[in-house]
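These numbers come from a predicted model, not from an experiment.
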Amino acid sequence: MKIRHVRAIAVFGIALVALTGARGSGGGCDNSGSSSSSSSGDSHRDDDGTSGGASSGGSVPGTGADKAARDVTINECEYDPATKNLTAKISIDNSGSLDYDYNVTMKFTGGAGSAVVPATAIKAGMAVAAGGTRSAELTTPYTGTGDGSEYTKCEVTRVSRL
């Protein structure tokens with residue numbers, strides 16, 4: 001009888017992981033120079049040109065917010081010295097059968113233990129036709145006095161589609 005009980009708990013645990021997803025919340029771009037991957041399928045390009053993983057969301061797979069978050073890929077995050085902006089270049093892939101307007105919020109942060117003040121960029125009303133892809137650039141002013149190198153990570157914090 002104990003083996004059945006243990007087996008039932010194991011099956012429940014696997015089902016719980018499957019429902020909540022193996023996605024991490026809060027991933028992003030970093031300048032560590034290492035490549036990483038994410039189970040979410042989202043990706044980005046580190047400042048050194050290598051590809052890495054980014055994840056967002058954390059809701060139950062299949063919900064509207066989670067599907068919208070999976071449509072966004074971070075291609076590049078950087079400081080633009082010409083405009084003095086923190087910039088994120090993204091792609092939105094609408095593989096659905098309906099046209100959507102996407103609203104995306106990005107957060108730029110420093111590394112672990114960094115005292116950098118997070119910066120946020122928002123872009124709203126990006127129309128993407130059903131089955132189409134759109135590139136976009138999200139920017140926010142750099143308020144620091146240096147060269148922007150203290151911002152080492154960027155992540156999608158919110159995505160909605162209407």
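Using a 3.5 Å distance cut-off with no hydrogens or angles, the side chains of Y142 and E150 do pair a donor with an acceptor. Of the N and O atoms on the side chains of S91 and N75, at least one donor lies less than 3.5 Å from an acceptor on the other residue. Remark: the D147 side chain and the S149 side chain contain an N/O donor-acceptor pair separated by less than 3.5 Å.
Proximity of a side-chain donor or acceptor of N94 to a complementary backbone N or O of L98 within less than 3.5 Å is detected. Looking at N85, its side chain never comes within 3.5 Å of a backbone N or O of T87 through a donor-acceptor pair.
Atoms CG and NZ, from N103 and K123 in turn, are 11.5 Å apart once rounded to the nearest 0.5 Å. Here the straight-line distance linking atom OG1 of T120 with atom CG of L138 works out to 11.0 Å at 0.5 Å rounding. The line from NZ of K89 to CD of E137 is 5.5 Å long, rounded to the nearest 0.5 Å. C77 contributes atom SG, which lies 13.0 Å from atom OH of Y151 (distance to the nearest 0.5 angstrom).
For the pair R158 and V104, the minimum side-chain heavy-atom distance is 4.5 Å or more. Two residues are said to be in side-chain contact when any heavy atoms from C-beta on lie closer than 4.5 Å; S114 and T109 fail this criterion. Proximity of E76 to I90: side-chain heavy atoms (C-beta onward) are nowhere separated by under 4.5 Å.
Across A88 and M106, no two heavy atoms sit closer than the pair CB-CE, 3.7 Å. Contact between A119 and L86 at its shortest, heavy atoms only, is CB-CD1, 3.8 Å. Shown here for K153 and G111, the closest heavy-atom pair between the two residues is CE-CA, 4.3 Å. Taking every heavy atom of both residues into account, T139 and A121 meet most closely at O-CB, 3.6 Å. For D93 against G132, the heavy-atom pair with the smallest separation is OD1-O, 3.6 Å. Across all non-hydrogen atoms, the minimal contact from R134 to A127 is NH1-N, 3.1 Å.
Under the 4.5 Å side-chain heavy-atom criterion for ILVMFWY residues, no single connected hydrophobic cluster contains both I122 and V156. Residues Y79 and V116 share a hydrophobic cluster, clusters being chains of Ile/Leu/Val/Met/Phe/Trp/Tyr side chains in contact below 4.5 Å.
With respect to the salt-bridge test (charged N to carboxylate O, under 4.0 angstrom), the residues R161 and D71 qualify.
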